[in-house]
Amino acid sequence: MAGATRALERLFALYFLAHIPVTLLLDAQALSSRFHPPPLAEVLGWYTASFKDPLMAQCPAWFKSFIYCEVFLQLPFFPVAAYAFWKGNCKWIRTPAIIYATHVATTLVPLLAHFVFHDFSDSKPAGPQMWHERLWLLAVYSPYLLISLLLLMTMLVHPSYSSGGKRKAT
């Protein structure tokens, strides 16, 4: 059990570490590209054209609100969470991790539903038209939902983190 817990903690630490450059270098461009060098704008342009991601290409207001939350609320949490999970057995991360995981899950559900159900036939730039294009977008965004749900379940039910775990006598 301890080995599995350590593996989960390392997975979470790597997830949060990897999320820092993704947020800073790619996602933040949806708010303003003037702070990013042209090669990064080209990477984002390649991604939006290759994967037909209309949200990152046009960034409607509702999606921009998610990016603002990611940059200004989640990004400061990423190094803290990476540290806590890399170190391991940091009980104090439980409540912030539950808040983070719940927030991410509730923003990703409508985002994924948008990719599945929205009619992109008149979308400019072109959005996904075929199911395989929609599945590619789901494959890009779904890991964030899955890791967040795994984090939430770990914080809620794992004895090392849940309130039912062993506590020091006071």
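The figures that follow rest on heavy atoms only: side chains count, while hydrogens, waters and symmetry mates do not. We count residues from 1, following the sequence as given.
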Report whether [X] and [Y] are members of the same hydrophobic cluster (ILVMFWY, side-chain heavy atoms less than 4.5 Å apart, transitive linking).
{"X": "V140", "Y": "L135", "answer": "yes"}
{"X": "Y68", "Y": "V104", "answer": "yes"}
{"X": "F35", "Y": "M56", "answer": "no"}
{"X": "L108", "Y": "V116", "answer": "yes"}
{"X": "V157", "Y": "L11", "answer": "yes"}

Worksheet item: Between H19 and T23, is any side-chain donor less than 3.5 angstrom from a side-chain acceptor?
Response: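 Their side chains do contain a donor-acceptor pair, which is all the 3.5 Å distance test asks for.
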Practice prompt. For the pair W46 and F51, name the ring-plane relationship: parallel under 30°, tilted 30 to 60°, perpendicular over 60°.
Written response: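 Correct class here is perpendicular.
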I want to check something: taking the side chain as every heavy atom from C-beta on, are [X] and [Y] in contact at a cut-off of under 4.5 Å?
{"X": "Y15", "Y": "S148", "value": "yes"}
{"X": "W86", "Y": "R10", "value": "yes"}
{"X": "E9", "Y": "R6", "value": "yes"}
{"X": "L14", "Y": "F85", "value": "no"}
{"X": "L152", "Y": "T102", "value": "yes"}
{"X": "D53", "Y": "W136", "value": "no"}

Does the [X] side chain pair with the main chain of [Y], one donor and one acceptor, at a distance under 3.5 Å?
{"X": "T48", "Y": "G45", "result": "yes"}
{"X": "S65", "Y": "W62", "result": "yes"}
{"X": "Q74", "Y": "Y100", "result": "no"}
{"X": "H36", "Y": "L24", "result": "yes"}
{"X": "Q58", "Y": "K124", "result": "yes"}
{"X": "Q129", "Y": "F120", "result": "yes"}
{"X": "K64", "Y": "L31", "result": "no"}

Worksheet item: Going through the checks in order, is the side chain to side chain contact (heavy atoms under 4.5 Å, CB included) test met by D27 and V71?
Response: CA-CA 8 Å; D27 294 352; V71 170; 5.7 Å; no
Fill in: Step-by-step side chain to side chain contact (heavy atoms under 4.5 Å, CB included) determination, Y83 to V80
CA-CA 5 Å; Y83 166 78; V80 173; 5.9 Å; no
Identify the heavy atoms of [X] and [Y] that sit nearest to each other, and give their distance.
{"X": "P128", "Y": "P54", "value": "CD-CD, 3.9 Å"}
{"X": "F12", "Y": "I147", "value": "CE2-O, 4.1 Å"}
{"X": "L8", "Y": "T154", "value": "CD1-OG1, 3.8 Å"}
{"X": "P96", "Y": "F77", "value": "CB-CE1, 3.5 Å"}
{"X": "P21", "Y": "A18", "value": "CD-O, 3.3 Å"}
{"X": "Q29", "Y": "A41", "value": "OE1-CA, 3.3 Å"}

Fill in: Step-by-step side chain to side chain contact (heavy atoms under 4.5 Å, CB included) determination, L150 to L146
CA-CA 6 Å; L150 181 61; L146 296 175; over 6 Å; no
Which distance, rounded to the nearest 0.5 Å, do you find between the [atom1] of [X] and the [atom2] of [Y]?
{"X": "K52", "Y": "M130", "atom1": "NZ", "atom2": "CE", "value": "8.5 Å"}
{"X": "L75", "Y": "I67", "atom1": "CG", "atom2": "CD1", "value": "11.5 Å"}
{"X": "L151", "Y": "Y161", "atom1": "CG", "atom2": "OH", "value": "9.5 Å"}
{"X": "I99", "Y": "R94", "atom1": "CD1", "atom2": "CZ", "value": "11.0 Å"}

Worksheet item: When you look at L111 and F115, which way does the side chain to side chain contact (heavy atoms under 4.5 Å, CB included) test go after all the steps?
Response: CA-CA 7 Å; L111 197 148; F115 289 141; 3.2 Å; yes
